[in-house]
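The structure displayed is predicted, hence computed values, not measured ones.
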Amino acid sequence: MKLSKVTLAIIFFAIIGGCIIEATAKIKCVPKIYAFGFAASFNDSTVYFTDIQEIDSAWINDKNDFLISRDNYSYQLKNYLSGIGLEHRTCVISFALERKDVVKKYNKMKSKYVKAGNFIIKGIDKADFQFSAIKPDDYLIENNK
């Protein structure tokens, strides 16, 4: 019985400690990030990759360099594709702070679809679609200083 109480206490303090550490993470604006978008559908075998793009003034979590509002970036791509008649796509954004890192991610992801051999891979040119920087709402910025 004592062992289970000690174990429970350790788990409790680990959870509380994790919350405190997470609460101390701040968001910061970085001058630029490099990103690409990816879109796929469960209904067909066509996948879409945007060009690698430079996005100015992106906001990230300084603890783990996690992109703030990443879902909104994905929705930008989803809305673009819906606008040209390609609805019901699952869209994601992949980014890095250094261009060489995002190129590595891009090549790795694209090569998986090329190797599978049963996908049609289409590119989305930067002239057709460009990500726009998203500033988090003022509440989030003010409460993370």
Side-chain angles (χ1 to χ4, degrees), residues 4 7-145:
S4 63
T7 305
L8 189 59
I10 290 171
I11 292 170
F12 175 75
F13 286 115
I15 292 170
I16 296 298
C19 292
I20 291 170
I21 290 170
E22 188 62 34
T24 61
K26 306 285 186 225
I27 62 169
K28 66 180 180 181
C29 183
V30 292
K32 63 183 164 187
I33 62 168
Y34 299 92
F36 69 91
F38 169 79
S41 173
F42 294 111
N43 297 329
D44 67 28
S45 60
T46 305
V47 295
Y48 296 87
F49 285 88
T50 68
D51 290 339
I52 295 174
Q53 302 175 11
E54 186 177 298
I55 303 172
D56 292 329
S57 302
W59 291 79
I60 62 169
N61 176 318
D62 70 350
K63 179 182 176 195
N64 55 11
D65 291 338
F66 208 61
L67 183 63
I68 304 297
S69 296
R70 63 203 166 282
D71 55 335
N72 291 327
Y73 287 100
S74 297
Y75 279 120
Q76 288 179 15
L77 180 56
K78 186 175 183 75
N79 291 338
Y80 166 75
L81 292 170
S82 292
I84 61 170
L86 299 169
E87 296 184 4
H88 310 296
R89 304 281 164 187
T90 301
C91 300
V92 295
I93 183 172
S94 184
F95 83 99
L97 298 175
E98 300 291 330
R99 183 170 184 80
K100 65 180 170 92
D101 295 334
V102 82
V103 168
K104 187 176 178 180
K105 289 179 183 182
Y106 181 87
N107 290 335
K108 183 177 180 180
M109 190 171 191
K110 197 167 187 178
S111 70
K112 286 183 181 184
Y113 286 94
V114 169
K115 285 180 184 175
N118 54 349
F119 290 96
I120 300 166
I121 301 169
K122 293 190 175 181
I124 300 172
D125 193 72
K126 197 183 305 185
D128 297 327
F129 171 77
Q130 180 76 32
F131 286 109
S132 299
I134 297 172
K135 180 182 175 193
D137 58 7
D138 293 333
Y139 175 80
L140 184 60
I141 295 170
E142 288 301 317
N143 288 321
N144 277 286
K145 286 187 177 179

Item to complete: Name the orientation class of the two ring planes belonging to Phe131 and Tyr73 (parallel below 30°, tilted from 30 to 60°, perpendicular beyond 60°).
Response: perpendicular
Worksheet item: So do Ser132 and Gln76 actually touch side chain to side chain, heavy atoms under 4.5 Å?
Response: yes
Discussion item. As a quick check of understanding, evaluate side-chain contact (heavy atoms from CB on, under 4.5 Å) for Ile93 and Leu77, giving each step before the final call.
Written reply: CA-CA 9 Å; Ile93 183 172; Leu77 180 56; over 6 Å; no
Discussion item. Using modelled atom types and a 3.5 Å cut-off, is there a donor and acceptor pairing between side-chain atoms of Gln130 and backbone atoms of Gln53?
Written reply: no
Fill in: Straight-line distance of Lys78 NZ to Glu87 CD, nearest 0.5 Å
9.0 Å
Discussion item. Going by ring-ring contact (aromatic ring centres under 6.0 Å, His included), Phe119 matches just one of Tyr48, Phe38, Phe49, Tyr113. Which one?
Written reply: Tyr113
Worksheet item: Does the side chain of Ile84 come within less than 4.5 Å of Asp128's, by heavy atoms?
Response: no
Worksheet item: Is the closest side-chain heavy-atom distance between Asp101 and Tyr34 below 4.5 Å?
Response: no
Practice prompt. Mind checking the CG-CE spacing from Asn107 to Met109? Nearest 0.5 Å is all I need.
Written response: 12.0 Å
Worksheet entry | Tyr106: side chain to side chain donor-acceptor pair (under 3.5 Å) partners, not counting sequence neighbours | Lys110
Worksheet item: How many angstroms lie between CD1 in Ile52 and NZ in Lys126, if you round to the nearest 0.5 Å?
Response: 9.0 Å
Worksheet, complete the sentence: All heavy atoms of Ala39 vs all of Cys91, minimum pair found to be CB-SG, 3.7 Å
Worksheet item: Roughly how far, to the nearest 0.5 Å, is NZ of Lys28 from NZ of Lys63?
Response: 14.0 Å
Discussion item. Could you measure the distance from the CD1 atom of Ile120 to the OG1 atom of Thr46? Nearest 0.5 Å is fine.
Written reply: 4.0 Å
Discussion item. Are the side chains of Ile33 and Val102 in contact, using a 4.5 Å heavy-atom criterion?
Written reply: no
Worksheet item: Which pair of heavy atoms, one from Asn118 and one from Ser45, lies closest together, and at what distance?
Response: O-CB, 3.5 Å
Worksheet entry | Approximate separation, where rounding is to 0.5 Å, of Asn79 CG and Ser74 OG | 10.5 Å
Worksheet item: Quick one: is the NZ or CZ of Lys105 closer than 6.0 Å to the six-membered ring centre of Phe95, and within 45° of its axis?
Response: yes
Fill in: Closest contact, heavy atoms only, Trp59 versus Ile134
CD1-O, 3.6 Å
Worksheet entry | Non-hydrogen side-chain atoms of Ile60 and Leu97 separated by less than 4.5 Å | yes
Fill in: Arg89 and Asp44, any side-chain heavy atoms less than 4.5 Å apart
yes
